[in-house]
Amino acid sequence: MKIRPLAAGVGLVALLAVAACGGSGGSTSSDRAPHPANAKQQPAHPAQSPAQQDNAEQENAEQDTTTAQISTFALDVDTASYGYARRALQEGRWPAPGEIRPEEWVNAFRQDYAQPPDDGFAVHVDGAKLPSRDEAVLRVGLQTRASESAERRPANLTFVVDVSGSMAEPGRLDLVKSALLKLLDQLAPGDQVSIVSFSDEAEVLASMTPLTAREELRDAVDELTVNGGTNLEAGLVTGFQEASKAFRPAATNRVILLSDGLANQGSTEWQTILDRVKEYAAKQVTLLTVGVGRDYGDELMEQLADNGDGMAVYVSTQEEADKIFATQLPATIELRARDAKAQVVFNPSVVESYQLIGYENRALSTEEFRDDSRDGGEIGPGHSVTALYSLRLKPGAEGQLAQATVRWQDPDTRTASEASRSLRADELATSVWDKAPMRLQVDVVVAAFAVYLRDRKAFGMDLPALGKQATRLAAASEDPMVSELVTLIGKAGSVG
């Protein structure tokens, strides 16, 4: 399936144009209530026809609230799009437009949302007015509670490692092996690990082994050597079979695919591969894809993760690999929520039109929000999800602007719950660049830059204007990622 980039609408034009210009919004209500879960489960998104793809893109075009008051989408914590585009820019290349997913860029950045006291979600809604008259940006932030590695349940992890010829290049298999060895040092004694390698065929190097036998697992990692083609289908099927055989109901069961995603043997389409493994995914075995390599099968890896109840990340340096495998993964292995979805209802007496930025291939119909057979996103501890909307407001309108609701299922019981929060028009910050929370300003710059790279349109602004805002925010926040953003904007200017 090819997801085509969204053509920017008028609302987004207005949002991006503010980058040329030089108190937080609050919430008024919140509630949480359990809902009975439907017993039928559908672990994967069905393949979309061209007509369905057009409908998904149309959902993200500017929507008139007289005919479309509700926006619904599955949550997504992928960050691979940002990681891969960052590498391209650092190497002096313009990222491919089809690989730019703005929501993954925003979700790659720190948000600083307050965490909930329980295992559900905290819902944050704020926004700010733009310099253009009667236009604003709305931010919906969803946050789960973080946990220490020592607090989590045991894990069964099956690593499926690509050892095909293309993995011989520096920064591929060598990076994977180093990261795996570091992860083995971080996992707990109650965890278990199996290792599968694949090239022309798949091979089980270590069946499910307790971490008390770390040396055996280290030996299996050392056995990983490059040879042959890329039969990703065989690797994933074998990995899910191994995970299924060793499935522990009281543990977190996950398959972790490490590959450049350049499948050239067996099936090379994500839907066909997923059809082979969806039986195992239905048994609560989730998938994490870790991408490596200068040449990278972004679409295949992203769609496998989205439809395999998991997430996609990309690493290009040892520092990034260490951060994910030695720090983030041990603390986020388990799940806080299954099939998580968000729905934002706009008040047509206040909002004339709106546009969701990104999430094109995660769009849902209004009815699917409470259809618990419809797949959503799987969210782990300490994860944040951010959605940005550009709004056109009705002149002088007052009252409730929008209400955002998140719905999710308990990972074990499948009981569904919801949490909501609303925002009034008078709670919008009066100026996005002067009065809005700093993290909201960063999100706007990140999203604007991503859309600029994807659509190659200036929208009344240019890269120097984006760079100016990013430079100001980098100095104020002292955030290394924002400082890096300044550099990336500069790189884009030199290669564009």
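- Using the six-membered ring where Trp is involved, Y354 and Y389 have ring planes that are perpendicular, over 60° apart on the 30 and 60° scheme.
- Between E360 and R454, at least one side-chain nitrogen of the basic residue sits less than 4.0 Å from a carboxylate oxygen of the acidic one, meeting the salt-bridge criterion.
- Scanning for salt bridge (charged side-chain N to carboxylate O under 4.0 Å, His left out) contacts around D112 gives R110, R439, with sequence neighbours left out.
- The environment of K323 atom NZ is sparse: at most 12 non-hydrogen atoms of other residues, nucleotides or ligands sit within 6.0 angstrom.
- Heavy-atom neighbours of E398 CD from other residues, nucleotides or ligands within 6.0 Å: at or below the threshold of 12.
- Within the 3.5 Å criterion, the main-chain N or O of G141 finds no donor-acceptor partner in the side chain of T386.
- In this structure a side-chain-to-backbone donor-acceptor pair under 3.5 Å is present from R362 to L75.
- Here the side chains of L335 and I379 are not in contact, with every heavy-atom distance at 4.5 Å or above.
- Counting only N and O atoms by type, the side chains of Q441 and R472 include a donor and acceptor under 3.5 Å apart.
- Remark: side-chain polar atoms of T67 are paired, donor with acceptor, to backbone N or O of D64 under 3.5 angstrom.
- Closest approach of L428 and A128 over heavy atoms only: CD2-N, 3.7 Å.
- In this view, R294 and R87, E91, R93, R172 satisfy the side chain to side chain contact (heavy atoms under 4.5 Å, CB included) rule, not counting sequence neighbours.
- Using modelled atom types, one side-chain atom of D339 and one backbone atom of G376 make a donor-acceptor pair closer than 3.5 Å.
- Side-chain N/O atoms of E269 and T272 include no donor and acceptor closer than 3.5 Å.
- Side-chain contact between N307 and L287 is absent, with no heavy atoms from C-beta onward closer than 4.5 Å.
- You'll find the side chain of L463 reaches within 4.5 Å of the side chain of F449, heavy atoms only.
- Side-chain contact between L130 and V137 is present, with heavy atoms from C-beta onward closer than 4.5 Å.
- Look at R407 and E418 and you find a salt bridge, because one of the NZ, NE, NH1 or NH2 atoms lies within 4.0 Å of a carboxylate O, short of that distance.
- Among all heavy-atom pairs drawn from Y84 and G293, the shortest one is CE1-O, 3.9 Å.
- The shortest side-chain heavy-atom distance between Q90 and L488 falls under the 4.5 Å cut-off.
- Considering OG of S365 and CZ of R374, their distance stands at 7.5 Å, rounded to 0.5 Å.
- Remark: E320 engages R86, V315, S316, T317 in a side chain to side chain contact (heavy atoms under 4.5 Å, CB included) (not counting sequence neighbours).
- Across every non-hydrogen atom of A387 and L356, the tightest pair is CB-CD1, 4.0 Å.
- The distance from the CG atom of L329 to the CG atom of L288 is 6.5 Å, given to the nearest 0.5 Å.
- For the pair K341 and L364, the minimum side-chain heavy-atom distance is below 4.5 Å.
- Within the 3.5 Å criterion, the main-chain N or O of E352 finds a donor-acceptor partner in the side chain of T65.
- In this structure, the separation between OH on Y359 and CG on L388 is 8.5 Å, given to the nearest 0.5 Å.
- Side-chain atoms of Q355 never come within 3.5 Å of backbone atoms of L391 as a donor-acceptor pair (strictly under, hydrogens ignored).
- Shortest non-hydrogen contact noted between N361 and E302 is ND2-OE2, 3.1 Å.
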Apply side chain to side chain contact (heavy atoms under 4.5 Å, CB included) to residues Q469 and W433 and explain how you reach the verdict. CA-CA 9 Å; Q469 296 294 349; W433 299 128; 3.7 Å; yes
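- A donor-acceptor pair is defined here as one N or O able to donate and one able to accept, closer than 3.5 Å; no such pair exists between the side chain of Q403 and the backbone of L423.
- Annotation: side chain to side chain contact (heavy atoms under 4.5 Å, CB included) contacts of S384 (sequence neighbours excluded): Q111, Y113, Q143.
- D162 is not listed as a side-chain neighbour of V292, based on a closest heavy-atom distance of 4.5 Å or more.
- For R254, the salt bridge (charged side-chain N to carboxylate O under 4.0 Å, His left out) criterion is met by no residue, not counting sequence neighbours.
- Between the side chain of S81 and the main chain of E104, no donor-acceptor pair closer than 3.5 Å is present.
- The pair D118-R145 does not meet the salt-bridge criterion, since no charged nitrogen lies less than 4.0 angstrom from a carboxylate oxygen.
- The pair E62-R392 counts as a salt bridge, with a side-chain nitrogen and a carboxylate oxygen less than 4.0 angstrom apart.
- Of the possible donor and acceptor atoms, one in the side chain of D76 sits under 3.5 Å from a partner among the backbone N and O of D78.
- Taking every heavy atom of both residues into account, P102 and V451 meet most closely at CG-CG2, 3.8 Å.
- Between the side chains of E103 and N107, not a single donor N or O lies within less than 3.5 Å of an accepting N or O.
- W105 places a side-chain heavy atom less than 4.5 Å from the side chain of L453.
- If you take CD on E135 and CG on L393, they are separated by 8.5 Å, rounding to the nearest 0.5 Å.
- Minimum heavy-atom separation, A305 to T289: CB-OG1, 3.7 Å.
- The side chain to side chain donor-acceptor pair (under 3.5 Å) search around S349 returns N347, not counting sequence neighbours.
- Of the inter-residue distances, the one linking L232 atom CG with L300 atom CG reads 5.5 Å to the nearest 0.5 angstrom.
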Assess whether side-chain hydrogen bond (donor to acceptor under 3.5 Å, both in side chains) is satisfied between S353 and Q63, documenting all intermediate values. CA-CA 5 Å; S353 62; Q63 301 292 312; over 6 Å; no
